[in-house]
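Taking it in order: structure first as structure tokens, then the write-up.
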Amino acid sequence: MSNKIKILPENISNKIAAGEVVQRPESVLKELLENAIDAGADSIDVIIKGAGKSLIQIVDNGKGMSPEDAVLSVQRHATSKISNVSDLDSISTFGFRGEALSSISAVSKFELKTKTKADELGTIIKFEDDNIILRENTSCATGTSVAVKNLFYNTPARRKFLKSNATELKHIIETFKRIALSYPVINFRFYNDDDLLYDLTAGSLEKRMESLFADTIMDAVVEVDQPTDFITVRGYISKPTFVKKNRGDQYLFVNNRYVRNKVINHAVFSAYENILLKGEYPFFVLFIEIDPEKFDINVHPQKLEIKFDDDKGIYSIIYAIIKRSLGSYDFVPSVTFSENDDANVQIAKDRFVDTPHKDFSDRPTFVKHHKSESNGAFSDSEIDMLFNSINPEIKSNVAATAAAHPFESEPKEIYHTDYGSKTDSAGGVETSFIVGLHNKYILSQIKSGLMIIDIHVAHERILYEKALQSFSANMPFSQQLLFSQTLTVDAGDYALLVELESHLAKLGFALKFNPKNEIVINGVPSDVKVGSEIDTLLGIVEEYKDNQIKKELEQRDNLAKSFACRTAIKAGDKLSEKEMRLLVDQLFATSMPYVCPHGRPVVIKISLEEFDKRFGRL
């Protein structure tokens with residue numbers, strides 16, 4: 001009885017292995033370019049014909065190989081990059097498996113020319129159809145040239161599944177762009193069917209981005225440059241004015257290797273926090289430097305996937321860095337009125353007006369702009385004044401300085417704050433007014449025209465960020481009640497409150513859990529309106545459960561959003577001028593003053609030009 005299990009011949013096993021590494025012409029280009037970079041080349045030529053199906057040739061001026069190494073390089077699992085198992089924990093090169101050249105040569109007409117600086121003659125390596133290696137001496141320049149012709153000629157089923165030339169060329173160019181981006185210090189030339197498509201000279205990342213994307217790309221992006229003890233993040237992210245309808249233009253490099261990682265992509269997207277419309281994605285080019293022992297690249301044959309030791313830590317760091325970078329620009333949206341007087345004016349992405357880095361001058365002149373430079377800390381008295389502004393006991397002690405309505409009988413009483421006074425060119429004094437509109441909105445003069453702020457969602461944003469800080473600070477402050485409040489809830493809500501109790505305590509809730517689903521409220525955050533303790537707690541529970549059903553939110557983020565929504569100033573609550581000024585000041589001290597935690601716009605601008613147009617001045 002003959003054995004059913006057999007060891008495959010080498011030529012068949014090589015073709016099977018090639019299927020993992022060489023999926024299409026783009027895969028060949030990637031492997032060969034990475035080999036050229038590992039060889040220390042500072043000039044690389046790429047020659048493509050027939051969308052890579054006819055020819056893929058890479059010519060570099062790297063170190064080259066000796067005749068003996070040239071023969072070994074095309075053997076399976078032959079590599080100079082690692083020598084033992086421990087090397088896998090600290091990979092610093094692109095290649096390390098020793099499979100690329102062997103796999104490529106198994107499914108193509110393969111030719112390699114190489115020469116070291118020390119050798120007089122170079123070496124040429126070719127393959128016969130029966131997988132016999134031919135080695136000859138040749139005259140060539142220092143470096144290596146690899147030509148891959150007639151890809152998949154001996155595996156017709158694989159060749160049949162290749163896409164059109166246009167599609168395959170698109171993939172090739174995208175891979176070329178990624179590698180050219182990651183090494184702007186290398187000269188690259190890219191020829192397609194004898195046409196020179198790219199001639200990239202060595203230089204800065206900024207110059208390389210201009211060459212690959214657009215001459216004006218740097219006007220549409222925000223710089224990211226943040227070293228930490230754990231990782232270093234640098235690169236560029238797009239302003240809200242420059243977004244994409246797909247995820248294609250997101251370039252992530254870890255230790256200069258292009259990778260895909262859902263954790264980092266989600267952290268970047270989340271940092272934009274609702275200032276992008278649904279279906280929009282930020283453009284970014286980000287470089288992360290991290291200890292090679294902190295991640296694993298050996299999880300995918302093409303080395304595109306990456307696994308971090310600490311996904312949560314990486315997520316938090318990236319999220320904070322991107323948010324801080326966005327916070328260095330003023331992205332208050334500007335709106336115009338439609339010609340058909342449509343009342344539903346939408347804040348579209350092209351309504352964001354670009355401002356220079358750290359230029360926050362187009363805001364109410366009494367606003368403190370220190371948030372962009374610091375952590376935005378305010379004094380306890382200021383915070384208490386705002387967060388307790390709707391408590392009647394506190395309000396009774398605040399001087400009545402509310403601005404009069406501009407159309408009341410004595411408009412001369414309208415208050416013009418002098419906090420933003422400045423001398424104009426004629427020697428007069430410019431003042432910035434602030435008034436409330438129907439106890440819903442705040443109107444204030446700014447440099448470009450008029451700013452309108454929604455009071456409720458502005459306070460939501462402030463309370464949301466305060467709640468998140470409370471979770472991190474672990475220093476709860478509870479306002480103890482003179483008379484405890486007792487309520488009975490159903491079993492589900494009781495269980496949920498028990499689950500959230502530790503987080504609620506950090507917000508300032510002091511709760512006692514009794515049998516039979518009874519809860520005693522002994523203390524509440526100072527933001528909770530006196531007399532509404534029970535309604536507020538129940539409202540937070542309802543909001544939390546609603547968010548659980550509709551959105552996938554992390555527990556603390558959900559609780560912070562629910563807390564902010566249910567404790568914020570409501571439409572109709574009247575604020576004094578001083579309270580409005582403090583509200584605006586603290587709004588712009590938050591990390592994202594443009595949208596509330598649920599995505600509603602907080603603030604918009606209407607330009608003087610728009611007013612002039614409507615009043616017939618233009």
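All values reported here derive from a predicted model rather than from experimental measurement. Counting begins at 1 with the first residue of the sequence.
Side chains of Gln548 and Asn558: a donor-acceptor N/O pair is absent below 3.5 angstrom, by distance only. A donor-acceptor contact under 3.5 angstrom links the side chains of Asp557 and Tyr464, judged on distance only. A donor and an acceptor atom, one from each side chain of Ser484 and Asn522, are located under 3.5 Å apart. Gln226 and Thr228 are not linked by any side-chain donor-acceptor pair at a separation below 3.5 angstrom, with hydrogens and angles left out of the test.
Using modelled atom types, no side-chain atom of Ser270 and backbone atom of Ala267 make a donor-acceptor pair closer than 3.5 Å. Checked by atom type and distance alone, the side chain of His459 pairs as donor or acceptor with a backbone atom of Ile569 at under 3.5 Å. Side chain of Lys570 to backbone of Ala568: a donor-acceptor contact under 3.5 angstrom is found. The backbone N or O of Pro282 sits less than 3.5 Å from a side-chain atom of Gln250, completing a donor-acceptor pair. Within the 3.5 Å criterion, the main-chain N or O of Ile306 finds a donor-acceptor partner in the side chain of Asn261. A donor-acceptor pair under 3.5 Å is absent between the side-chain atoms of Gln479 and the main chain of Gly523, judged by distance alone. A distance-only check finds a donor-acceptor pair linking the side chain of Asn255 to the backbone of Ile290 [under 3.5 Å]. In terms of modelled atom types and a separation under 3.5 Å, the side chain of Ser562 and the main chain of Tyr544 share a donor-acceptor contact. For Ser472 (side chain) and Gln469 (main-chain N/O), no donor-acceptor pair under 3.5 Å exists by modelled atom type. The main-chain N or O of Glu610 is found under 3.5 Å from a side-chain atom of Ser607 such that the two form a donor-acceptor pair.
Residue Ile317 holds its CD1 atom at 12.0 Å from CD1 of Ile322, rounded to the nearest 0.5 Å. With rounding to the nearest 0.5 Å, the separation of CG in Leu500 from NE2 in His503 is 7.0 Å. If you take CZ on Arg556 and CZ on Phe471, they are separated by 7.0 Å, rounding to the nearest 0.5 Å.
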What do the steps show when you test Arg581 against Asp585 for salt bridge (Lys or Arg N to Asp or Glu O under 4.0 Å), and what is the final call?
-> CA-CA 6 Å; Arg581 180 176 59 81; Asp585 198 15; 5.5 Å; no
Decide yes or no on salt bridge (Lys or Arg N to Asp or Glu O under 4.0 Å) for Lys323 and Glu273, but give the supporting numbers first.
-> CA-CA 9 Å; Lys323 197 158 190 177; Glu273 198 183 333; 2.5 Å; yes
Please lay out, stage by stage, how Ser448 and Asp362 fare under the test side chain to side chain donor-acceptor pair (under 3.5 Å).
-> CA-CA 6 Å; Ser448 66; Asp362 201 23; 2.6 Å; yes
From CA spacing to verdict: side-chain contact (heavy atoms from CB on, under 4.5 Å), Val603, Asp454 = CA-CA 6 Å; Val603 53; Asp454 186 316; over 6 Å; no
Assess whether salt bridge (Lys or Arg N to Asp or Glu O under 4.0 Å) is satisfied between Asp493 and Lys545, documenting all intermediate values.
-> CA-CA 9 Å; Asp493 289 350; Lys545 291 190 297 183; 2.8 Å; yes
Verify salt bridge (Lys or Arg N to Asp or Glu O under 4.0 Å) between Asp310 and Lys294, making sure each step is shown before the conclusion.
-> CA-CA 8 Å; Asp310 182 10; Lys294 301 296 183 183; over 6 Å; no
Between Ser361 and Lys447, is a side chain to side chain donor-acceptor pair (under 3.5 Å) present by the stated rule, with each step listed?
-> CA-CA 7 Å; Ser361 60; Lys447 182 173 64 176; 2.7 Å; yes
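The heavy-atom pair separating Ala458 from Leu583 by the smallest distance is CB-CD2, 4.4 Å. Across all non-hydrogen atoms, the minimal contact from Ile237 to Ser325 is CD1-CB, 4.3 Å.
Side-chain atoms of Phe287 and Val233, non-hydrogen and from C-beta on, never get closer than 4.5 Å to each other.
With respect to Phe213, the ring-ring contact (aromatic ring centres under 6.0 Å, His included) criterion is satisfied by exactly one of Tyr251, Phe284, Tyr236: Tyr251.
Residues Phe283 and Phe242 place their aromatic rings such that the two centres sit under 6.0 Å apart.
Comment: Asp535 does not engage Arg566 in a salt bridge, judged by the lack of any side-chain N to carboxylate O separation of less than 4.0 angstrom.
The environment of Lys440 atom NZ is sparse: at most 12 non-hydrogen atoms of other residues, nucleotides or ligands sit within 6.0 angstrom.
Applying the ring-ring contact (aromatic ring centres under 6.0 Å, His included) definition to pairs two or more places apart or across chains, those involving residues 508-530 are Tyr494-Phe513.
Between Phe331 and Tyr594, the angle of the ring planes goes over 60°, which puts this pair in the perpendicular group of the 30/60° scheme.
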